[in-house]
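First up is the structure itself, then whatever we jot down about it.
We're numbering straight along the sequence, starting at 1.
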Amino acid sequence: MIFRIGVVADTHMPRMAKQLPSRLTEELSACDLIIHAGDWSHPDVFQALSMLAPVEGVIGNADPEELKQQLGLTKVIEVQGVVIGIVHGHGSKGTTEQRALQAFKNMDNIQCIIYGHSHIPVLREERGILLMNPGSPTDKRRQLQYSWGILEIEEGVLSGRLVFHGDKN
C-alpha cells in the first residue's frame, strides 16, 4: 500500500489567494497526510487543509502569533518508518537550502527535508537525503508555474515528485 503525503509551503493566504487552488485540493484530498513548510499567513489555511487530511507543519517568517503558538520552527516526524524534517528555511546566513540542511545537521536518521521560503521548487538528493521545496501553489513569484509536491512511501521506500500548475484556480 502506498502512503501519500501532499507537500505545500508559502500559501500566503489570503493576500495571494482567497482559497486554495481546486487542483491542489483535489490532489491533497487523496493524500494520507499534508505537510506545510510555513508561511501559511492565516490560521484558516490550517483549518482548510485539515478538512482534506491530517496536517503537520511549521511556521515561517510571515505567520501570525496564533500559528507560532501552535506550530514550531522545526519539526521531525516519522511516517511509515521514514524520518522527515520540516523547516521553513528563513534566516540570514547562507541560502534557504543551506539553512534547511543546517537545521537537521546533527540528525543522522533524517531521510527527507522539506522546506519553503524561496518559492523555488526543488526535488533532489544530497548525501542520501531527499530535499524538497514544493514552491508555492498561490505565489509563484518569478517561477513559470505554481507548484506543490507529492511524497510517496511504499514498503519503507520514499519517492517524490513536484506538481506544476499554470494558474492558481
Output yes when a side-chain donor or acceptor of [X] lies under 3.5 Å from a complementary backbone atom of [Y], and no otherwise.
X      : Y     : result
Trp40  : Val58 : yes
Thr138 : Met16 : no
Arg99  : Gly94 : yes

Going by atom types alone, do [X] and [Y] pair a side-chain donor with an acceptor below 3.5 Å?
X      : Y      : result
His88  : Asp39  : yes
Ser136 : His12  : no
Asp10  : His117 : no

Beyond-backbone contact of Cys112 with Leu151, side-chain heavy atoms, under 4.5 angstrom: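 They are in contact (side-chain heavy atoms under 4.5 Å apart), so the answer is yes.
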Derivation of the salt bridge (Lys or Arg N to Asp or Glu O under 4.0 Å) call for Arg161 and Glu27: CA-CA 13 Å; Arg161 65 183 167 90; Glu27 284 220 37; 3.7 Å; yes
Considering the options Asn133, Leu131, Leu130, which one meets the side-chain contact (heavy atoms from CB on, under 4.5 Å) requirement together with Leu123?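 Going through the options one by one, the only one that passes is Leu130.
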Result of checking Leu28, Val55, Val7, Ile77 against Leu33 for side-chain contact (heavy atoms from CB on, under 4.5 Å):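 The residue from Leu28, Val55, Val7, Ile77 that satisfies side-chain contact (heavy atoms from CB on, under 4.5 Å) with Leu33 turns out to be Ile77.
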First locate atom OG of Ser41, then atom CD1 of Ile59, and finally report the distance between them rounded to the nearest 0.5 Å.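 Answer rounded to 0.5 Å: 11.5 Å.
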Hey, is Arg124 close enough to Glu126 for a salt bridge, meaning N to O under 4.0 Å?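 Yes, Arg124 and Glu126 are salt-bridged.
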